[in-house]
Amino acid sequence: MEGISLLILATLIATSHASHVEIPRPIHLLRPQTGAGGHHIQGISCFSWRLGVETNNIRDWKTVPLSCEDYVGHYMLGDLYRKDCKLVADAAALYAQNLKLAGDGKDIWVFDIDETTLSNLPYYAKHGFGAEPYNSTQFNEWVYTGKAPPLPENLKLYKKLLSLGFKIVFLTGRAENQRKITVTNLKEAGYHTWEKLLLRGSSDENTTGVVYKSGQRKKLEKKGYRILGNMGDQWSDILGTHTGNRTFKVPDPMYYIS
Ligand SMILES: *[C@@H]1O[C@H](CO)[C@@H](O)[C@H](O)[C@H]1NC(C)=O
Ligand SMILES: *[C@@H]1O[C@H](CO)[C@@H](O)[C@H](O)[C@H]1NC(C)=O
Ligand SMILES: *[C@@H]1O[C@H](CO)[C@@H](O)[C@H](O)[C@H]1NC(C)=O
Ligand SMILES: [Mg+2]
């Protein structure tokens, strides 16, 4: 805030002295890069890096840059991540409540699970917030605890969608052999009902997320379902084909799945 008001002040001064042709002050003098936003990777701020991954300008990245671990950690555990999630959930709720549903049980909302409806933040907080290379053995051990908490903003959205008459489909990259623990975890977290829970079967084990999920959504539409909303934390959740009438991207600067 202070930086912004300084900037406004400087702009006002510059405007009032415009006839004297003052050289505008460079912005970096007005907004020194301190605190979390000041961490740099090769001269690029971690804020810019996060913006780059959220907009899908940066792709196929393996891990969070080590120099951005603190930045991503503060973001994930602080207010901003939650506010960003709320903004997405509120936009989705506003869209959903203005839709006229057919009411034949075929109006569906597709939710991804990890980092969309359930949060693995307790796991990632112990593993560098995505700065450590992904270890499937360790991650699956965490999944089998069944202790992933809900993303509060999206649990609220889920409840709202149910009250509006949507059927819920969970479409996840988790494997079929994790169905039982996933059901337990979803219910424990407050997701008590759904139309379908689609997990990755053995025939999809070598396909990318975007191919697997597009195929599943195609099957849903073939069965007469109308995908009115589709929400996920990965771009591969919402790109591809049969993406639904509208997509919503939940923030996730910790990992990338193609
Ligand atoms: C992944 O974690 C397991 C269990 O802790 C460990 O045995 C294994 O060496 C790790 N793999 C890699 C590539 O670090
Ligand atoms: C997936 O890849 C593995 C290793 O290359 C292979 O053994 C397996 O048969 C493949 N599965 C399918 C369904 O293609
Ligand atoms: C959803 O998209 C389809 C295809 O574009 C369109 O026909 C349909 O009217 C849309 N549904 C709603 C509720 O907007
Ligand atoms: Mg996910």
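For ligands, and for the atoms within them, numbers begin at 1 and follow the listed sequence.
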Distance-only, no hydrogens or angles: does the [X] side chain make a donor-acceptor pair with backbone N or O of [Y] under 3.5 Å?
X    : Y    : answer
K249 : D233 : yes
Y225 : D107 : no
Q216 : L171 : no

For ligand 2, find out whether one of its N or O atoms is nearer than 3.5 Å to an N or O atom of S202.
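No - when backbone and side-chain N and O of S202 are compared with those of ligand 2, no distance drops under 3.5 Å.
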Is there at least one pair of N or O atoms, one from E205 and one from ligand 2, spaced under 3.5 Å apart?
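E205 vs ligand 2: N/O contact under 3.5 Å present.
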In terms of side-chain heavy atoms, does E115 have a donor or acceptor partner in Y255 at a distance below 3.5 Å?
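Yes.
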Carboxylate-amine/guanidinium contact R82 E153, below 4.0 Å
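Looking at R82 and E153, the cut-off is met.
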Should the pair D237-K213 be classified as a salt bridge under the 4.0 Å nitrogen-to-oxygen rule?
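Looking at D237 and K213, the cut-off is met.
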Minimum distance, heavy atoms only, to atom 12 (C) of ligand 2: which one of D204, T207, N206 is it?
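Selected option, by shortest heavy-atom distance: N206.
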Just give me the atom name: the N, O or S atom of [X] closest to the Mg ion (ligand 4).
X    : result
D233 : OD1
D112 : OD2
D114 : O

Look at atom 4 (C) of ligand 3 and say which protein heavy atom is nearest, naming residue and atom and giving the distance to 0.1 Å.
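I find the closest protein heavy atom is N245 ND2, 4.7 Å.
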Establish whether atom 14 (O) of ligand 3 and some protein heavy atom are separated by less than 4.0 angstrom.
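Yes, there is one.
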Check the pair Y191, T117 against side-chain contact (heavy atoms from CB on, under 4.5 Å), reporting the backbone distance first and the verdict last.
CA-CA 9 Å; Y191 301 96; T117 44; 3.5 Å; yes
Taking distance alone, with no angle check, do K100 and ligand 3 share an N/O pair under 3.5 Å?
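There is no such contact.
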